[in-house]
There are 2 protein chains.
Amino acid sequence: MKFEAITIKDIARALDLSVSTVSKALRGSHEISDETKRLVLAYAREHNYKPNPIAQSLKKGLSKSIGVIVCNIDNNFFSQVINGIESVARQKDYNVIITQSQESYEREVANSEHLSSRSVDGLIISLSAETKNVDHLIRLHQKGLPIVFFDRITDEIPTHKVIANNFKGAYEATRHLIQQGFRHIAHITSSSSLSITLERFEGYKKALEDAGLKPDPRYTKLCQHGGMIPEETRQALTELLQLNPQPDAIFTASDRLSTTTLSLLRKMQISVPDQIGLVGFTNSISADIFHPALTSVVQPALEMGTLSTELLIQLIESKRPVTEFKKIILETDLKIRDSSLRINQ
Amino acid sequence: MKFEAITIKDIARALDLSVSTVSKALRGSHEISDETKRLVLAYAREHNYKPNPIAQSLKKGLSKSIGVIVCNIDNNFFSQVINGIESVARQKDYNVIITQSQESYEREVANSEHLSSRSVDGLIISLSAETKNVDHLIRLHQKGLPIVFFDRITDEIPTHKVIANNFKGAYEATRHLIQQGFRHIAHITSSSSLSITLERFEGYKKALEDAGLKPDPRYTKLCQHGGMIPEETRQALTELLQLNPQPDAIFTASDRLSTTTLSLLRKMQISVPDQIGLVGFTNSISADIFHPALTSVVQPALEMGTLSTELLIQLIESKRPVTEFKKIILETDLKIRDSSLRINQ
DNA sequence: TTGTAGGCGTTATCAA
DNA sequence: TTGATAACGCCTACAA
């Protein structure tokens, strides 16, 4: 009943050769006669021989697989990044092992521990909203595990990083709202410990200042769980709507926050943008399809995935230690669309 | 510079014991003295010993990983299913290796070959739109690789399957359009070789018939690539709009087709539902957030993932061959909402 | 040109 | 209670 695959040993026995001869023949070594090679290759093909990757891994100390930690796959941005990761990885013959932190620090630590201990050759990670301390990753990095960060990065580890131009995106999104005539613009964003939170907040603030508007700290609400807990977002929105003067527009900092906010507004029977303006920051290409009622700032998520993977594989396969690390900032591609959501239920 | 992990051998040398003693002590064998166990475990913990999973795999012939083949991760339905798969797998200590067929038969074959050959203990798959022949999977199944199908299944392989109640979902979606007063309801669907295509078409047809409407074959358009090629969908929509009488509503059979159609209608400046009715079939929970202009039929995608994974792990870990296979049909949870998309650009 | 032997890290069997 | 040995499948000095 077990899945019996053919091995080098089987070929050797069948052809009355030694395993090393077969091994060499299979890899086309020049120290094997053409005749023997022909025989071995023919037999291998005929019996559909495939080297056992696990044995190869054990031998070479490389698993030909890369680990990925994201907070949640079921999120347009991350699934697009993973799409990019998978495409490049497959092309270079690496397996992709996916794990989710669900925005939990503990799960992030557990997943990183699990993925290391020799089972992956490298790690691609975007930090969880809860993560304030990256010692677990520093440890792995010091042990020599190649790591590439994307989107939610840390400055504490010297390695490659790929991010979007969060400042510029947030600046342009906010400026767009201002140009639409909104004056009291609120900001719903993620955990204060995330790199993206600060960068986007700075863009938001600068746009207000450049327009002569005074950023009011009461108008910025943090969601420590990055919107994973809807109640948190509901609370933030409710508090904003009770302020005086009431905000006339909202700049939401992520896909999850945007969609949750949109959904809450719908339940509250508040039309966008007739009653309140809404712009969402997004890194997701298809966002313009999925968010027909949002104005969005679009970033190439797919490219983040492909780039990160190329950099990681480069790290893995470089014989000599890499000393210079890149921090790649993908440029904002502002895409404004003003469809609106009419509420009629 | 290499990642040097501590091994059993290191512990044995340090404690002046044999590797087999250490191995047994680590697994708490009762044939080892308490004193020795204490020593070994203390040393192991102190030096953060982790067994090398690759060596264990080689030894046991099990990799503790499951392969997944979907057409595209960057698709709400599949990313939600994978979310479910990953959750259950992690809980049971399995790695999840993701691959995408991109709706290509060739890539599906290549991925399945790659994932088998001992690198995964089981396979969870949803067929590509191009796949007409499943010999590649029959081969793996016969070799003893446990397989579970979800959503896009085949009847040719006797194993567990998890699907949605496609007939009922399509029936209700179509009936809803009829109740809204639409009479010329078109249907844009996927490849004719997919199981879901037929099932959803039957539901659509039955709803029309039950309402005394005559299904017109010209009103059903197939997209052989499941909407992966936008041009295909554009063509289908264009042809539909040229028919006489022109359809007054469309029932789209999948997320990708729904969003593409919505996007095309927007470009054509055709409002939904003022100028044309639109209902999309979806298995995706968050669809009601993402498709504010669509009426949707909601299915528990997450549950498809968790269920499939539980069934697969059951197959993998069952000592005796499983003889009875389940075909689980998850029930439709119809969720109607009639927000509308006003076009103003 | 081919074969022998040892090892990658772990586990299982059998002997001490 | 512990240890020596072989084995999982593959690779590679080194010998023949």
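Proteins come first, then strands; the chains are lettered A, B, ... in the order of their sequence lines, and each starts at number 1. This is a predicted model, so every value here is computed, not measured. Values below: every heavy atom of this structure, side chains too, minus hydrogens, waters and symmetry copies.
One donor-acceptor pair, N or O on each side, does fall under 3.5 Å between the base of C:dG3 and the side chain of A:K24. Judged by atom type and distance alone, A:T7 does not reach the base of D:dG9 through any side-chain donor-acceptor pair under 3.5 Å.
For the pair B:S23 (side chain) and B:V19 (backbone), a donor-acceptor distance under 3.5 Å is absent.
Among the atoms of the strands shown, none is found under 4.0 Å from any heavy atom of A:S57. Contacts of B:S33 with the nucleic acid, taken as non-hydrogen atoms under 4.0 Å apart, involve only primed sugar atoms and P, OP1 or OP2. Residue contacts shown for B:I54 are absent, as no nucleic acid heavy atom lies under 4.0 Å away. The residue B:E31 sits close to a base: some heavy atom pair falls under 4.0 Å.
In this model, the phosphate group of D:dG9 is not approached by any side-chain N or O of A:Y49 to a distance below 4.0 Å at OP1 or OP2. Considering only side-chain N and O atoms, B:S23 lies under 4.0 angstrom from the phosphate OP1 or OP2 of C:dT11.
Contact annotation: the side chain of B:S87 approaches that of A:Q100 to within less than 4.5 Å [non-hydrogen atoms, C-beta and beyond].
Atoms NZ (B:K64) and P (D:dC8) sit 22 Å apart, rounded to a whole Å. The distance between atom CD of A:E35 and atom P of C:dT2, rounded to the nearest whole Å, is 9 Å. Protein atom CZ of A:R27 is 18 Å distant from nucleotide atom C1' of C:dT1, rounded to whole Å. One can place NZ of B:K60 at 12 Å from C1' of D:dC8, the figure rounded to the nearest angstrom. Taking atom CG of residue B:D10 and atom P of nucleotide C:dG9, one finds them 8 Å apart after rounding to whole Å. Atom CG in A:L58 sits about 9 Å away from atom C1' in D:dC8, given to the nearest Å. Between A:K37 atom NZ and C:dT1 atom C1' there is a gap of 11 Å when expressed in whole angstrom units. We find that NZ of A:K9 is positioned 14 Å from P of D:dC11, with the value rounded to whole Å.
Map B:K59 and B:T21 each onto its nearest nucleotide of DNA chain D; the residue landing nearer the 5' end is B:T21. Position along DNA chain C of the nearest nucleotide to A:V19 versus A:H30 favours A:H30 as the more 5'-ward residue.
When the nucleotides C:dT2, D:dC10, C:dT10 are ranked by their closest atom to the side chain of A:Q56, D:dC10 comes out on top. Among the nucleotides D:dC11, C:dT11, C:dG3, the one closest to any side-chain atom of B:I8 is C:dT11. The nucleotide whose nearest atom lies closest to any side-chain atom of A:N52 is, among D:dA7, C:dT2, D:dC10, D:dC10. Set against C:dC8, C:dA5, D:dC10, the side chain of A:S20 has C:dA5 as its closest nucleotide.
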Show your reasoning for whether side chain to side chain contact (heavy atoms under 4.5 Å, CB included) applies to B:V148 and B:L315. CA-CA 9 Å; B:V148 171; B:L315 281 182; 4.2 Å; yes
For B:R107 and B:E130: C-alpha separation, side-chain torsions, deciding distance, then whether salt bridge (Lys or Arg N to Asp or Glu O under 4.0 Å) applies. CA-CA 10 Å; B:R107 292 201 53 175; B:E130 264 185 38; over 6 Å; no
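Between B:K37 and B:E31 there is no salt bridge, since no side-chain nitrogen of the basic residue lies less than 4.0 Å from a carboxylate oxygen of the acidic one.
Between the side chains of B:E108 and B:H136, at least one donor N or O sits under 3.5 Å from an acceptor N or O.
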